[in-house]
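I have placed the structure first, in the form of structure tokens, so that the comments after it can refer back to it.
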Amino acid sequence: MSKSFEMNRRGFLGSLAAAGLVPAGMVASGPALAQDAGGILRTPFWPAPTYLNSAISTSGPESFLSPKFYDGLLGYESGMVPKPSLATAWEISEDGLTVTFTLREGVTWHDGEPFTSHDVAFTFMEVLKVHHGRGVNTFANLTSVDTPDDYTAVFNLSKPSPAMMRALDSRECPILPAHLYEGTDIMENPVNTAPVGTGPFKLESYEIGSAVVMVPYEDYWDEGYPLLDRFIVQFVPDPATRAAMLESGQTDAIFLGMIPTQEILRIAEMDGFEMTTTGFEAMPSGLQLEFNLENEILANKLVRQAIAHAIDTNWILENVFYGMGQTGASPLHYDQRPFYTTEGVPSYPFDLAKANELLDEAGYPRGEGDMRFKLMLDPSPWGTESINSSAYIREVLRQVGIDVEVRQQDFAVFVTTVWTERKHDLVLYTATMGVDPTIGVHRFYLSSNFQPGTGFSNGAHYDNPEVDELLNAASIEMDEEARIAQYAEFQQIAYEDLPIVKMVDIAAAPTLASTRVHDFAPDALGALGSLKQTWVEQ
Amino acid sequence: MTQTSGPITGNGTKKAGPFAALSSPLGRYILRRLVQALLVMVLVMVGSFFLMKLAPGDFVDVLAGTRDLTAEQTAELRARYGLDQPLVIQLVRYMGLLATFDFGYSPINAAPVTDVILARLPVTAILVVASVSLSMVIGTLFGIAAARNAGKPVDLGISIFMLLLYATPSFIVAIMLILVFGLKLGLMPIAGYESVGMGYTGWQHIWDVTRHLTLPVVALCTFYIAIYGRIGRASMLEVMRLDFVRTARAKGISEGRVFYVHALRNALLPLITMAGLQVSSLVGGAVLIETVFGLPGMGRTAYDAVLQRDTNLLLGVIFTSSLAVVTVNFVIDMLYMVLDPRVNLK
């Protein structure tokens with residue numbers, strides 16, 4: 001391991017930055033001395049993972065841990081610009097139906113076996129297309145992967161799949177070792193909790209529900225990396241405890257909003273801590289209020305628009321999210337560039353008089369107790385954002401004569417109530433919008449995705465053939481200009497129909513670290529990447 | 001009150017043969033307790049199973065939500081774990097497994113339930129043993145001191161202190177301990193039961209674990225110290241009024257000896273009962289303390305199992321804790337007999 005090699009590279013980047021050639025964010029934040037590189041990074045996380053493999057579970061802890069052990073075909077620079085990882089080059093055919101990846105040679109798995117195109121074919125066809133929640137849709141058009149030689153993988157598609165090219169990173173699509181998975185029960189394979197990857201870190205120990213300890217893989221293909229000598233993730237359920245650990249120096253960094261925003265802002269003010277919100281385009285998420293259109297009151301568009309006018313999304317942004325984000329203005333997230341737009345998209349500024357007017361017009365005059373009608377609001381139980389926002393929404397909707405009752409339940413009951421039994425009226429939840437709208441946004445709006453029993457499907461029961469057509473076209477459109485136009489039209493129509501009002505586009509979960517920690521948000525994946533460039537001053 | 005040591009030895013009739021022990025009153029008593037325990041355990045397991053199933057949603061709903069699963073994938077998972085079967089069949093299958101001491105598979109941990117429980121048990125065991133013994137010793141000492149000085153300022157002081165401990169919820173104590181000893185003074189580790197990934201061994205490891213568990217144990221103790229203190233004081237004062245104490249005094253035995261030798265032993269019975277209750281409640285889990293200190297113990301495991309609808313794991317935890325409770329109760333009953341020969345077990 002030549003750490004000095006890395007230092008030379010950092011010096012090189014530094015001189016480029018000085019010349020204005022690279023964004024400053026790519027360069028080490030402090031003067032890096034060779035003897036500094038390395039160190040032990042400790043971070044708390046919650047919940048504890050089920051697997052250490054994000055190919056078969058896309059939930060939070062897996063997404064955070066798996067990319068340390070596994071690589072993807074590609075990585076993404078800020079702005080979702082693809083960069084080489086296990087694939088060194090890639091070529092999309094003219095018709096968009098074949099994508100040829102040239103794979104890196106000399107890569108080995110943590111058990112010493114060589115990495116080949118067979119691993120790629122196996123992972124996509126047998127694992128990601130079958131067991132990965134989003135993968136089923138992302139790779140729906142992937143019919144086969146040819147392996148003409150050990151270092152070439154040819155993806156054959158039945159239709160062009162532009163979103164696929166944004167989903168090939170180590171978190172979304174880690175490449176698994178075929179020699180350990182082939183012919184086994186993939187979901188219960190022991191490798192799921194004892195990972196053997198090609199990634200920069202290998203597992204030293206894993207205590208279920210307690211801690212994961214990682215050490216560098218000495219034969220990692222990106223020579224000189226990872227910089228850390230040891231990477232320790234401890235599973236700590238209480239956010240206040242996690243904050244105290246950081247403050248007392250018993251942990252070095254907090255990733256992915258692992259402590260409440262007000263605590264992050266408080267500790268960030270203190271000496272010796274540094275906060276960043278950069279480097280997380282790969283995980284845009286939003287808080288959205290969805291209407292059950294099967295409710296006859298909510299089926300009335302005027303009522304939905306009145307509710308949108310009655311809620312001051314800026315209040316929620318400032319008071320619940322401490323300003324970390326933007327008020328919602330479209331079905332897409334502002335980080336979903338270049339498709340996000342507000343041009344021609346109807347807006348619903350905070351206006352109680354207007355809301356009252358629309359409700360009167362809809363034919364719901366105020367009655368007993370000055371109320372027009374009654375609605376049930378189900379806030380998502382994870383985190384605190386939905387629950388806190390729901391208290392505000394209840395009060396403000398009462399002002400326009402809508403008697404809202406908030407129903408707080410645990411996760412399983414919440415999901416069952418809304419998506420299986422469909423007993424809800426209004427549901428307020430945070431959701432990921434996906435690296436590409438096809439992956440994260442289509443599911444809420446496509447009529448074909450009205451699937452009772454499946455969480456976070458089209459829970460509104462929204463059905464607009466025009467929107468279906470636009471989304472289906474956009475999912476296979478290889479021409480970016482055309483795709484931008486399709487999504488612009490979708491945003492205009494969907495926000496006019498308003499099956500969902502976006503409350504807040506949440507800014508990337510801030511990372512808060514001791515100033516001894518360097519280079520912890522290097523690219524579009526941020527902490528969901530490998531963190532191989534991260535190092536800690538001793 | 002001096003001839004107390006040695007086991008109770010039947011009523012004189014001795015029979016030969018391998019089952020002789022079972023025909024003695026003590027043997028019959030133990031046998032009856034075993035049968036009772038088995039019945040209790042079966043009832044607990046069946047009851048817990050149905051309670052868990054009464055809650056809306058199963059763990060596949062939870063997984064589907066956190067993993068963005070499709071309808072086909074959720075159906076496949078339900079079939080894999082038998083959740084598509086009628087409840088009675090699920091119960092019969094589970095009890096069948098349990099009869100072979102197999103707790104099944106925990107899908108939220110991707111590991112056999114036995115492995116998960118074995119990993120959690122040591123933390124809980126240390127917490128229980130340390131906090132029960134510590135709170136019992138300290139509480140009893142306070143109780144004795146208060147009783148010895150009944151009505152004097154020392155008694156009043158102790159009583160006020162006990163009331164304070166009694167009225168402060170353990171999680172508040174925990175948070176205060178973290179703020180003072182973890183954050184302000186920086187003396188103690190805040191979370192976990194060891195310094196993860198430091199590879200300590202031997203005495204270094206024991207010292208490390210001791211440091212990590214000190215604050216949680218103290219937090220678990222405070223409430224019970226107050227309980228033992230109050231019970232101990234009341235019990236001592238009551239025993240001191242009994243006839244045998246008057247007799248002992250009449251024989252000219254010193255007040256100190258009467259107090260510490262004759263009375264104390266008799267005053268211990270209610271404290272032992274309390275210890276049994278404390279063990280039972282702690283084995284089931286100190287969820288709040290485990291949460292605040294980030295300790296992977298049984299309570300936290302059960303709590304997460306309920307939230308994520310991991311029936312196998314929850315039932316495994318319940319089985320283990322109820323086994324512990326049944327055992328502890330049995331041991332306590334035996335202890336009564338040793339401490340007070342008047343206690344007759346039938």
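Small disclaimer: the values here were computed from a predicted structure and weren't measured. Residue numbering restarts at 1 for every chain, and letters A, B, ... go by the order of the sequence lines.
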Open item on the list: If you count every heavy atom of other residues, nucleotides or ligands that lies below 6.0 Å from B:Y81 atom OH, does the total exceed 12?
Closed with: yes

Task: Top of A:S248, A:G455, A:A211, A:S210 for chain B proximity - count of heavy-atom pairs under 4.5 angstrom - done: A:S248

- [ ] Name the region of B:P189, side chain, backbone, both or neither, that has any atom closer than 4.5 Å to a heavy atom of chain A.
- [x] both

- [ ] Could you have a look at A:E188, A:R443, A:R134 and say which one has the most heavy-atom pairs with chain B under 4.5 angstrom?
- [x] A:E188

Open item on the list: For B:F50, is the CZ atom crowded, meaning more than 12 foreign heavy atoms sit under 6.0 Å from it?
Closed with: yes

Task: Heavy-atom contact with chain B under 4.5 Å, split by part of A:T420 - done: side chain

Open item on the list: Report which part of A:V130 has an atom under 4.5 Å of a heavy atom belonging to chain B: side chain, backbone, both, or neither.
Closed with: backbone

- [ ] Without swapping roles, check the side chain of B:Q73 against the backbone of A:H132 for a donor-acceptor pair under 3.5 Å.
- [x] yes

Task: For chain B, the option from A:N192, A:I208, A:V213 that forms the most heavy-atom pairs under 4.5 Å - done: A:I208

Task: Contact winner vs chain A - B:I190, B:V306, B:L69, heavy-atom pairs under 4.5 Å - done: B:I190

- [ ] Taking all non-hydrogen atoms of both residues into account, name the closest pair between A:T416 and B:P56 and its distance.
- [x] OG1-C, 4.4 Å

- [ ] State, to 0.1 Å, how close A:M187 and B:R67 come at their nearest heavy-atom pair, and which atoms those are.
- [x] CE-NH1, 4.1 Å

- [ ] Identify which part of B:D115 has an atom lying under 4.5 Å from any heavy atom of chain A, answering side chain, backbone, both or neither.
- [x] neither

Task: Contact class of B:F59 relative to chain A, heavy atoms under 4.5 angstrom - done: neither

TODO: Select all residues of residues 47-59 of chain A having any heavy atom within less than 4.5 Å of some heavy atom of chain B, and report them by number, or 'none'.
DONE: A:P49, A:T50, A:Y51, A:I56, A:S57, A:T58, A:S59

TODO: Grab the two heavy atoms, one from A:V236 and one from B:G294, that are nearest each other, plus how far apart they are.
DONE: CG1-CA, 4.3 Å

Task: A:F450, CZ atom: more than 12 neighbouring heavy atoms under 6.0 Å - done: yes

Task: Winner by heavy-atom pair count (cut-off under 4.5 Å) against chain B, out of A:Q409, A:E207, A:E62, A:E204 - done: A:E207

Task: Contact origin within B:L183 toward chain A - heavy atom pairs under 4.5 Å - done: both

- [ ] May I ask you to name which of A:M214, A:E421, A:Q451, A:H131 has the most heavy-atom pairs under 4.5 Å with chain B?
- [x] A:H131

Open item on the list: Taking side chain as everything from C-beta outward and backbone as N, CA, C, O, which of these in A:W46 sits under 4.5 Å from a heavy atom of chain B? Side chain, backbone, both or neither.
Closed with: side chain

Task: Closest approach of A:V413 to B:R309 (non-hydrogen atoms, all atoms of both residues) - done: CG2-NH2, 3.2 Å

- [ ] List the atom of A:G209, the atom of B:P296, and the distance in Å for their closest heavy-atom pair.
- [x] O-CB, 4.0 Å

Open item on the list: For residues 237-244 of chain A, give me every residue with a non-hydrogen atom less than 4.5 Å from any non-hydrogen atom of chain B.
Closed with: A:P237, A:D238, A:T241, A:A244

Task: Minimum-distance pair of heavy atoms, taken over all atoms of B:D61 and A:F411 - done: O-CE2, 4.0 Å

Open item on the list: Below 4.5 Å, heavy-atom pairs only: which of A:D185, A:N137, A:I40 has the largest tally toward chain B?
Closed with: A:D185

Task: Reported CE-to-CD1 distance for the pair A:M245 and B:I178, which is rounded to 0.5 angstrom - done: 9.5 Å

- [ ] Would you mind checking which part of B:A110 comes under 4.5 Å of any heavy atom in chain A, side chain (CB onward), backbone (N, CA, C, O), both or neither?
- [x] both

